[in-house]
Amino acid sequence: MEYDAIWFGGGAAGRFGAAFLKGLGGKPLIVEEHHLGGECHVCRCAFENFFSDQASMAELMRLYSGKSWYPKIDLSHISAAKAAELYRKVGQRAFADTMKHQTEKQLGIEVVWGKGKIIDKNAVEVNGKIYRGRNLVIGTGSRPMMPDIPGIDLPGVMTYRDHPEMKTDPKKMVIIGGGKIGIGKAAMFAPFNIEVTVLEKYTCLPKWDRDIRNFIFRDFKRRGIKIYEGIDVKEIKGKEKVESVVAQFNGETMEFPCDAVMVSIGLTPNSEPAIPLGVKIGKGNEIIIDEGCRTNVPGVYAVGDAAGPPYFMAIARKRGMIAAKNIAGEDAKMDYSFVPDHIYIPPLEATCVGLTEAEAREKYGDVVLIQVPWGPKPKDPKSEEYYPGFENQGLPVCGRVHTLNLLFYGQNRNGLVKAIVDPKSRKYVGFHSVGDGAKTAFQYLSYLLKIGWTVDQMANLHEIFLNAEHFIQLSRLVAGQKELKGFAAQVYLEDDF
Ligand code: COM
C-alpha cells in the first residue's frame, strides 16, 4: 500500500489527524475537493469570530455614540452585508492560503485536490487516478438540517452556510431554532439594525446554566430581540422571496413578517460517501464509531462531524488525532468529558464548562457558588449614573477591553462570573461566564475540572488583575474558610426577562 491512511476530507479532523499521523512517522494522504480546514474559515468558527467582532463594533458604537467625549455616530451606515463582503474578499482567501501553506509546505502533508470517489476501503479515485491506503478515514463533515415545510427553498432563507454570502441588509429576520447557533446569530445580526425574532420549538439553550440564560435573554429583551419558546413553525410564505413565517403558538396561528429567515435547527452528518463500505449509520445519519473512532468495518475510521455530535472543533480535531494514534498502532480513546462550550453574544461572549448549578445540586446537594454580580440590580439602570446600595454595580466582571466602558456607558452590562464548588471535597464542578475574553481561560479550566482542582489550589495561582474571569481572586477570598460558604449569596437571579 502506498499510504498508511487516506484521509477522505481535509477539514479540521482530517487535517489534524493527517498531521498527527505524519508526526508519528506514518504516511498520510488527504483527499480534498474544496478547502483544507473544511467549513471553519468559509462559514463557521473563523467567520463567526470575524462577524461577531463586527457586530461588537456596531453595538459599541450604538451604546457609546454621543456619550461623554465619544463622537455622535451615524448608525444608518452599519451593514452586515458589507461585513460579509469583506470576509469573502479577504478572510476566506487568507485563511484558505494559510491552511494550504501550513498543511502542504510547513507540515509536508501530501494533498490530492479533487472530488474523491471511494472505490473500496483501500482505494480512492481522484481525477481518474487511484490512490491506495492501508486505512481509510472518513471526515466529510456535516450540513445544516432543514425542516420539511413549505417555502423552505424560497430566496431569502439562509443557513450558517449562506451567511457569508449575504449581499443585502435585511430589515426583519426570523431565526428558526434557538440553540447555540440561532441565539448567537440573533445576537450578531441585531446590532446591524436588523429586527430579529427567534422561534424555538422547545427551549432555547436548554443545556446552559440558568443564570447565563437569564443574562442573555434579559439582554435580548433590552435590545428588542424577541424570543418565542414552544412555537411550532409551519410554513415560510412569499412570492418571489421570503415575506413571512407562519407558526402555531399556544393553539393560535401567528405570522411574522420578515425579509430574511435563518434556519438553525441542527446539523446532519455527511455520512453518505461511506455507506457503500458497509459502515453502520445511526438515527441522526452519523457514522457509528467506537471510542477509538473505528467504524464496524476494520481499517475504516470516521472523524469530525461525520461521526455525529458533539459538534465542536476540539472534538473534530481530537477525533482525527485519536484515529491517527490507533492507525499508528496505539490503543487511544476519545474523552468527551468537560468539553467547554461558547457562544458569541456581541459585544460579549458566554462560555461554560462542567455542570450547571441545577445539575450540580442534583449530584452534590448543597453546592457553594462563587459568583459576581449578585443581589439586586437597579431596574432600568441609566448610563453614567451611580446607584448607591447596589453593590453589584461597582464590580467589573468581564475583563478585556470593554469592561468598564460597558459598565459605565453600556447600560451596566458588566457580565457574569460563576464557579460552582462541592463544599465537601472543595472541588470545582462547573465554571460559567458572560463577559469578554474569558473563553481562553476555559480551555485550561476544563483540564482543572478533570483533575479535580480545589478552591485551595486555585487560591495559590497568580492572577493578572484585571482579568477576564476573576476565578482566582474570588476563590482566594473564600479559601480561608474551613467550612466553605462561598462568596456570593446563594440566590437565583429572577427570571424577569
Ligand atoms: C481552522 C480549520 S480555519 S482547522 O481546524 O485548522 O483545520
Side-chain angles (χ1 to χ4, degrees), residues 5-24 26 28-54 83-84 86-113 116 137-144 160-161 163-165 180-181 184 188 267 269-270 293 301-325 327 334 336 339-344 349 439-440 442-443 446:
I6 297 179
W7 298 78
F8 196 76
R15 222 169 69 77
F16 277 73
F20 211 91
L21 182 61
K22 178 126 198 284
L24 291 173
L29 173 75
I30 294 178
V31 174
E32 175 54 49
E33 185 182 1
H34 303 293
H35 315 274
L36 290 168
E39 287 191 324
C40 171
H41 63 278
V42 180
C43 55
R44 284 169 85 167
C45 329
F47 170 69
E48 297 247 314
N49 189 289
F50 165 80
F51 198 81
S52 72
D53 271 359
Q54 290 264 328
L86 179 63
Y87 193 78
R88 286 197 303 275
K89 271 193 187 157
V90 183
Q92 284 178 343
R93 292 162 66 184
F95 264 108
D97 282 354
T98 306
M99 295 291 107
K100 194 169 153 49
H101 181 81
Q102 187 184 61
T103 311
E104 294 180 318
K105 295 253 165 52
Q106 290 183 320
L107 294 164
I109 295 168
E110 199 178 325
V111 179
V112 53
W113 291 93
V137 191
I138 312 293
T140 39
S142 60
R143 57 185 182 267
Y160 69 81
R161 280 192 170 171
H163 182 169
E165 298 304 317
K180 189 170 90 166
I181 298 179
M188 276 181 221
L267 297 172
N270 296 327
C293 300
Y301 294 74
V303 292
D305 286 7
Y311 299 115
F312 290 117
M313 171 70 93
I315 295 296
R317 290 170 168 176
K318 282 180 81 177
R319 279 181 176 159
M321 179 179 86
I322 295 297
K325 285 186 174 185
I327 288 165
M334 280 298 290
Y336 294 99
V339 181
D341 204 353
H342 172 259
I343 317 172
Y344 291 111
E349 57 188 35
K439 70 176 179 187
T440 307
F442 276 71
Q443 302 171 109
S446 99

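The residues of the chain are indexed from 1 along the displayed sequence. Read the numbers this way: they start at 1 and go in the same order the structure lists the ligands and their atoms.
- Side chains of Y87 and Q54: no donor on one and acceptor on the other come within 3.5 Å.
- Counting only heavy atoms of the protein, atom 1 (C) of ligand 1 lies nearest to C40 SG, 3.4 Å.
- Ring centroid separation for the pair H163 and F51 comes in under the 6.0 Å cut-off.
- Around atom 2 (C) of ligand 1, the closest heavy atom drawn from G10, G37, A96 belongs to G37.
- Residue, atom and distance of the protein heavy atom nearest to atom 4 (S) of ligand 1 are R317 NH2, 3.5 Å.
- Residues D305 and S142 share a closest heavy-atom pair of OD2-OG, 2.8 Å.
- Contact between M313 and ligand 1 is present, with at least one heavy atom of the residue lying under 4.0 Å from the ligand.
- In this structure, V303 and A323 approach most closely via the heavy-atom pair CG1-CB, 3.8 Å.
- Side-chain polar atoms of Y344 and N49 form a donor-acceptor pair below 3.5 angstrom.
- Polar contact with ligand 1: absent for H41 (N/O pair, distance under 3.5 Å).
- Looking at H35, E39, R15, Q102 and measuring to atom 6 (O) of ligand 1, the nearest heavy atom belongs to R15.
- Summarising the geometry of R143 relative to P269, their closest heavy-atom pair is NH1-O, 3.7 Å, with the distance given to 0.1 Å.
- When non-hydrogen atoms are compared, ligand 1 lies under 4.0 Å from the backbone of A12 as well as from its side chain.
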